[in-house]
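Please read the structure below before turning to the comments.
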Amino acid sequence: MKTAVVFAFLACLAVSALSLAEDEKNSKPPATMSPAFEFSPQTSSVPATTPKPPTTTPKRNYSLTDEKTKVMCVKAHIALQIRLATPKANGTFIVQPDKTNAVGGCQATKVNLTLQFKEGNITFMFNKNTEKVYVDALSFTLNYPLDKKVANGPPYIGKANSTNLFAARIGHSYSCKNESLDMGNGLYLDITHDQMQAFNLTKSNEFGTPDYCPAEKPDYRVAIAVGVTLLVLIIIVVVAYLLGRRKRADGYQSL
Ligand SMILES: *[C@@H]1O[C@H](CO)[C@@H](O)[C@H](O)[C@H]1NC(C)=O
Ligand SMILES: *[C@@H]1O[C@H](CO)[C@@H](O)[C@H](O)[C@H]1NC(C)=O
Ligand SMILES: *[C@@H]1O[C@H](CO)[C@@H](O)[C@H](O)[C@H]1NC(C)=O
Ligand SMILES: *[C@@H]1O[C@H](CO)[C@@H](O)[C@H](O)[C@H]1NC(C)=O
Ligand SMILES: *[C@@H]1O[C@H](CO)[C@@H](O)[C@H](O)[C@H]1NC(C)=O
Ligand SMILES: *[C@@H]1O[C@H](CO)[C@@H](O)[C@H](O)[C@H]1NC(C)=O
Ligand SMILES: *[C@@H]1O[C@H](CO)[C@@H](O)[C@H](O)[C@H]1NC(C)=O
């Protein structure tokens, strides 16, 4: 009887531990996002070319083909926005794919991809070494007032310093659902639905196997925590059961 009660109690504990772990998983923000910077709700800073801010940033496949070999050397399936987030000014510019051109050049171990639009451009410099492909320089220039209230407006110039951006193995694609890159001076480049690859695309110009960004690699910590909790509970149950039996045995003896 007592054992049954202990069992029921422990079952409840186990269930609540599981749901706690789930909550923790769901509430965990992507590692690349800084919670201090929220998307600005103001609509005034959306490019004049958009009548209304789209609910999802439009994505597109931008690609470049080597003119000599007719081989596609880079393809990026991305949606981009440039965001200013400082205590004094906020604003977002959403890159409109239908008003954007992909230009640049393909070389044996270097590819430069520039997305040009009326208000500016964004450049990715891809590099290939013996084991991986990565972007070692990312920059943009934007001639658009992100926050009309602020005097020190455009042009906005953003640069990312990292030497290991969008890294993937050769023949693989880089994949990330949502990431935000610090471009300096309170400027961010937000990239969503992100899949890109330079060099060694498939013969039909498709992406290779995705290599996921660190924020999307499976997180085993929650699973391990749940496993350990369950193990501890099982041990407690067994010990409680054995103790209960012994007590009962003692009881019978005293009779
Ligand atoms: C910009 O947004 C941040 C975070 O939402 C807020 O703290 C700040 O006051 C905003 N600044 C302006 C000028 O609206
Ligand atoms: C990018 O590619 C274009 C076209 O091939 C080339 O003219 C330009 O010099 C390249 N830019 C850089 C920075 O390498
Ligand atoms: C990008 O824009 C800047 C500023 O307008 C300009 O100087 C630069 O040449 C542009 N780069 C490309 C590759 O179009
Ligand atoms: C990307 O992540 C941020 C912060 O977690 C969130 O506000 C935004 O809605 C996400 N965007 C997409 C397209 O999932
Ligand atoms: C880039 O590097 C320079 C010098 O190492 C540093 O001063 C600057 O803050 C860095 N910028 C960003 C955006 O990390
Ligand atoms: C990538 O493409 C280059 C040039 O076509 C080729 O030499 C190389 O073997 C390819 N690498 C892989 C890993 O497929
Ligand atoms: C972009 O390329 C991917 C993979 O090749 C394909 O599945 C998708 O339909 C393309 N999207 C657009 C908008 O062309």
Side-chain angles (χ1 to χ4, degrees), residues 29 33-47 53 62 64-76 80-93 95 99-135 137-160 167-174 180 182-183 185-190 196-211:
M33 279 305 262
S34 161
F37 301 105
E38 311 242 280
F39 283 93
S40 146
Q42 66 198 53
T43 52
S44 61
S45 56
V46 167
Y62 300 97
L64 287 181
T65 300
D66 189 330
E67 277 159 29
K68 277 180 247 139
T69 61
K70 305 281 179 247
V71 173
M72 189 179 279
C73 69
V74 63
K75 174 164 158 173
L80 294 156
Q81 69 176 26
I82 291 169
R83 182 164 48 93
L84 176 68
T86 66
K88 284 189 185 150
N90 288 315
T92 304
F93 174 86
V95 174
K99 297 186 174 69
T100 300
N101 285 325
V103 300
C106 302
Q107 282 165 22
T109 59
K110 282 188 195 300
V111 164
N112 65 359
L113 171 66
T114 297
L115 307 180
Q116 288 179 325
F117 36 90
K118 195 175 79 203
E119 298 86 354
N121 59 46
I122 305 176
T123 297
F124 299 78
M125 303 288 290
F126 289 90
N127 254 295
K128 175 160 122 170
N129 65 21
T130 49
E131 63 212 30
K132 63 178 183 179
V133 172
Y134 58 95
V135 167
L138 175 62
S139 58
F140 66 71
T141 305
L142 180 66
N143 269 299
Y144 178 84
L146 287 171
D147 192 327
K148 293 192 176 68
K149 298 187 294 290
V150 176
N152 65 335
Y156 296 99
I157 292 167
K159 277 186 169 61
R169 281 166 281 175
I170 295 165
H172 288 217
S173 58
Y174 171 86
S180 192
D182 188 341
M183 303 291 282
N185 300 319
L187 291 163
Y188 294 82
L189 184 64
D190 298 331
M196 61 171 87
Q197 181 172 348
F199 312 103
N200 297 71
L201 283 124
T202 67
K203 283 203 181 71
S204 51
N205 293 333
E206 294 296 334
F207 290 119
T209 315
D211 282 355

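As a basis for the values below, the full set of heavy atoms in this structure was taken, side chains included, without hydrogen atoms, waters or symmetry mates. Order of appearance sets the numbers: ligands from 1, and atoms from 1 within every ligand.
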**Q.** Distance flag, aromatic centroids of Phe140 and Phe124, threshold under 6.0 Å
**A.** no

For [atom], find the nearest protein heavy atom and state the residue, atom name and distance (0.1 Å precision).
| atom | value |
| --- | --- |
| atom 1 (C) of ligand 6 | Asn200 ND2, 1.4 Å |
| atom 14 (O) of ligand 3 | Gln116 NE2, 2.9 Å |
| atom 6 (C) of ligand 3 | Asn121 ND2, 4.2 Å |

- Message: Yes or no: does Lys128 have any heavy atom under 4.0 Å from an atom of ligand 6?
- Response: yes

Using side-chain heavy atoms (C-beta onward) and a distance below 4.5 Å, is [X] in contact with [Y]?
| X | Y | value |
| --- | --- | --- |
| Lys75 | Phe207 | yes |
| Leu113 | Met196 | no |
| Leu80 | Asp190 | no |

Looking at Asn143, Thr141, Ile122, the heavy atom closest to atom 4 (C) of ligand 3 belongs to Thr141

Pair Thr114-Thr123, side-chain donor/acceptor within less than 3.5 Å:
yes

Side chain or backbone, does Asn90 bring an N or O within less than 3.5 Å of an N or O on ligand 1?
yes

Lys88 heavy atoms within 4.0 Å reach ligand 1 at atoms 13 (C)

message = Whether the side chain of Glu67 engages the backbone of Lys70 through a donor-acceptor N/O pair (distance < 3.5 Å, no angle test) should be reported.
response = no

Please indicate whether any nitrogen or oxygen in Thr123 is less than 3.5 Å from any nitrogen or oxygen in ligand 3. no

Within-cutoff protein neighbour (heavy atom, under 4.0 Å) for atom 9 (O) of ligand 3
no

